Amino acid sequence: MTVTELAPHQPHAEGELRSVSIAVAVLDCFADAVELGPTQVGRRMGIAKSTASRMLSALAVGGMLERTPAGRYRLSMRLFHYGQLAVDRLPLRSVARPVLLDLHESLREVVQLGIPVGGHVLYVDRVGGGASTARLSGEVMRRVPGYSSSAGRVMAAFDPSIARATAGVERRKHTPFTVTDGARLGQVLRQGRQVGWVASREEYELGYSSIAAPVLVGVPGAPPRVVGAISVVGPSVQVVGQRREFVAASVCRAARRVGTALTGLMED
């Protein structure tokens with residue numbers, strides 16, 4: 001088949017690609033909204049209400065959205081299923097799992113694996129728990145603002161693009177101790193890059209603090225790349241009290257183990 005024969009089909013193909021792009025943008029509208037109607041989606045995207053309505057309806061037919069009795073839309077459980085599959089198949093998660101188990105065995109605190117998602121941290125694995133950390137259990141497979149978490153901060157400290165995304169998230173105080181001042185956050189990131197780890201003291205949940213280190217993957221001829229972060233979270237006295245240096249050193253060793261293993265997989 002020649003290029004000339006393909007030419008008549010190109011406008012149609014471009015239109016299909018544009019429709020896919022619009023569909024993705026429609027789904028993005030639900031990142032910070034539980035339910036939306038055609039008017040709201042059209043306003044957010046700058047498109048006609050009729051176009052938004054058709055796209056919402058098509059996504060509902062495809063199982064990506066659910067229509068409520070009131071005629072609005074929300075994300076479907078099918079998307080959660082796809083997200084779970086993506087996490088389960090994430091090489092970082094499978095490589096990190098035994099390291100998380102070892103770290104938990106050493107510290108006897110909750111340990112987590114997070115990845116960067118649009119200025120937030122998505123926790124994709126956790127080891128540990130119990131009565132003292134029951135309130136934290138909902139954070140697995142949930143986005144947490146990067147500016148108020150040690151994992152988000154340490155990833156931002158080692159990656160300028162993550163830092164920019166983190167800075168773009170609207171900041172609010174989750175507790176009286178949450179740092180929201182941009183200059184102060186910048187200082188925290190610079191210090192974190194110098195020492196190799198970042199702590200967050202009761203900035204997301206009162207009574208709980210965390211320490212995180214970045215998982216860095218290196219390839220020949222390029223600087224190390226941030227792919228995630230390992231963090232330890234628990235009662236403040238246990239994490240950032242007298243054991244702080246020991247906890248930080250343990251987290252850094254764990255993060256290096258995961259980064260080294262991932263780098264080895266890339267080289268194979």
Side-chain angles (χ1 to χ4, degrees), residues 28-29 31-34 44 109-124 126 132-133 135-216 223-252 254-255:
D28 282 343
C29 291
D32 59 354
V34 177
R44 289 185 177 213
E109 300 292 347
V110 174
V111 297
Q112 305 175 129
L113 176 66
I115 59 175
V117 178
H120 291 67
V121 180
L122 177 66
Y123 292 107
V124 296
R126 170 182 286 117
S132 64
T133 54
R135 297 183 67 181
L136 301 175
S137 60
E139 290 182 8
V140 171
M141 287 295 290
R142 179 183 178 187
R143 296 196 311 174
V144 174
Y147 69 86
S148 60
S149 71
S150 60
R153 289 176 176 180
V154 84
M155 289 189 289
F158 284 82
D159 188 309
S161 64
I162 297 177
R164 288 191 293 271
T166 301
V169 174
E170 182 179 358
R171 295 188 288 272
R172 66 180 181 86
K173 284 189 173 294
H174 302 285
T175 77
F177 305 109
T178 306
V179 176
T180 57
D181 177 70
R184 173 60 181 147
L185 284 172
Q187 182 181 358
V188 170
L189 298 191
R190 289 190 294 273
Q191 182 180 4
R193 185 171 181 84
Q194 290 175 356
V195 300
W197 56 274
V198 170
S200 176
R201 183 186 291 268
E202 302 190 12
E203 294 190 46
Y204 191 72
E205 186 77 39
L206 286 175
Y208 293 95
S209 296
S210 63
I211 291 178
V215 176
L216 304 173
R225 180 169 58 92
V226 176
V227 296
I230 292 178
S231 60
V232 172
V233 59
S236 298
V237 67
Q238 297 292 334
V239 175
V240 293
Q242 294 183 351
R243 294 203 311 164
R244 188 181 73 161
E245 297 302 322
F246 173 68
V247 172
S250 300
V251 175
C252 288

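Predicted model only: the values in this text are computed from it and were never measured. Starting from 1, each residue takes its place in the sequence as its number.
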Original post:
For the residue pair Ile115 and Met155, what are the closest heavy atoms and their distance?
Top reply: C-CE, 3.9 Å
Subject >> Ala157 versus Gly192, closest heavy-atom pair with distance >> reply: CB-C, 4.5 Å
Subject >> Trace of the side-chain contact (heavy atoms from CB on, under 4.5 Å) decision for Glu170 with Tyr147 >> reply: CA-CA 9 Å; Glu170 182 179 358; Tyr147 69 86; over 6 Å; no
Subject >> Distance in Å, Arg153 CZ paired with Thr166 OG1, rounded so as to fall on 0.5 Å steps >> reply: 10.5 Å
Subject >> Interatomic distance, Leu113 atom CG to Tyr123 atom OH [nearest 0.5 angstrom] >> reply: 10.5 Å
Subject >> Min side-chain heavy-atom separation Ser200-Ser210 under 4.5 Å >> reply: yes
Subject >> Thr178 side chain vs Glu203 backbone, donor-acceptor pair below 3.5 Å >> reply: yes
**OP:** Flag the pair Ile230 / Val215 as yes when at least one side-chain heavy-atom distance between them is below 4.5 Å, and no otherwise.
**Re:** yes
**OP:** Start with the C-alpha distance between Leu216 and Val226, add both sets of side-chain angles, then the distance that settles side-chain contact (heavy atoms from CB on, under 4.5 Å), and finish with yes or no.
**Re:** CA-CA 5 Å; Leu216 304 173; Val226 176; 3.5 Å; yes
Subject >> Under 3.5 Å: donor-acceptor pair, side chain of Arg44, backbone of Cys29 >> reply: yes
**OP:** Just do the side-chain contact (heavy atoms from CB on, under 4.5 Å) check on Arg171 and Leu185 with the steps written out, would you?
**Re:** CA-CA 11 Å; Arg171 295 188 288 272; Leu185 284 172; 3.4 Å; yes
**OP:** Go through the side-chain N and O atoms of Ser231 and Gln112 and say whether any donor and acceptor fall under 3.5 Å apart.
**Re:** yes
Original post:
When you check the side-chain N and O atoms of Ser236 and Glu202, is any donor under 3.5 Å from an acceptor?
Top reply: yes
**OP:** With rounding to the nearest 0.5 Å, note down the distance linking CG in Asp159 to CZ in Arg164.
**Re:** 8.0 Å
Original post:
What are the two closest non-hydrogen atoms of Val240 and Ala199, and how far apart are they?
Top reply: CG1-CB, 4.3 Å
**OP:** To the nearest 0.5 Å, tell me how far His120 NE2 sits from Ile162 CD1.
**Re:** 13.5 Å
Subject >> Closest contact, heavy atoms only, Leu189 versus Ala163 >> reply: CD1-CB, 4.4 Å
**OP:** Please report the shortest heavy-atom distance between Trp197 and Val154, naming the atom on each side.
**Re:** CA-CG2, 4.0 Å
Original post:
Should we count CZ of Arg243 as having more than 12 external heavy atoms under 6.0 Å?
Top reply: yes
Original post:
How far apart are the closest heavy atoms of Phe158 and Gly196, and which atoms are they?
Top reply: CZ-CA, 4.0 Å
